[in-house]
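Data block below; observations after.
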Amino acid sequence: MPISARGSWWGRRATSVGAIRDDMVNAGADWVDEATVVDGNLISARTPADLGPWMKALLKAIELRALAVG
């Protein structure tokens, strides 16, 4: 079952390729046109060209999680 069908996008801030913007909004996402968006445990990016900023966000999230765990 797709994430959108389960309602997992409601209230979440996210980005994606522009072609599916309407789908994201209809699924409840607060869609923004940014290279990378972090909303809690959700890290999204628009396209493969945004892999650099996405990877930095992912590594930061892993580091913060490791510090929180101990």
Side-chain angles (χ1 to χ4, degrees):
M1 177 179 290
I3 291 174
S4 60
R6 295 192 307 258
S8 295
W9 291 106
W10 287 108
R12 302 300 298 264
R13 190 168 180 265
T15 192
S16 68
V17 64
I20 65 165
R21 177 195 179 280
D22 291 342
D23 296 324
M24 298 282 288
V25 170
N26 289 334
D30 176 15
W31 190 90
V32 293
D33 185 17
E34 296 178 10
T36 299
V37 174
V38 178
D39 183 1
N41 63 350
L42 175 66
I43 304 172
S44 58
R46 293 177 298 200
T47 68
D50 298 322
L51 182 59
W54 181 86
M55 183 57 73
K56 286 179 184 178
L58 177 65
L59 292 173
K60 182 177 178 181
I62 291 170
E63 178 183 7
L64 290 174
R65 173 73 179 177
L67 291 172
V69 172

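Scanning all heavy atoms of the two residues, the minimum distance from A14 to W9 falls at CB-CZ3, 3.5 Å. Residues P53 and A35 approach most closely at CG-CB, 4.2 Å, considering heavy atoms.
Note: the hydrophobic cluster containing I43 also contains I62 (ILVMFWY, side chain heavy atoms under 4.5 Å, direct or indirect links). Taken together through direct or relayed side-chain contacts under 4.5 Å among Ile, Leu, Val, Met, Phe, Trp and Tyr, V38 and W54 form part of one hydrophobic cluster. Residues L51 and L58 share a single hydrophobic cluster, defined by chaining ILVMFWY side chains whose heavy atoms lie under 4.5 Å apart. The hydrophobic clustering, which links ILVMFWY residues whose side-chain heavy atoms are closer than 4.5 Å, places M24 and L42 together.
If you take CD1 on I20 and CG on N26, they are separated by 11.5 Å, rounding to the nearest 0.5 Å. In this structure, T15 OG1 and D39 CG are separated by 12.5 Å, a value rounded to the nearest 0.5 Å. Here the CG atom belonging to D30 is positioned 11.5 Å from the CH2 atom belonging to W10, to the nearest 0.5 angstrom. With rounding to the nearest 0.5 Å, the separation of CZ in R46 from CZ in R21 is 14.0 Å.
When each of D23, D22, V25 is paired with W31, the side-chain contact (heavy atoms from CB on, under 4.5 Å) condition holds for V25 and for no other.
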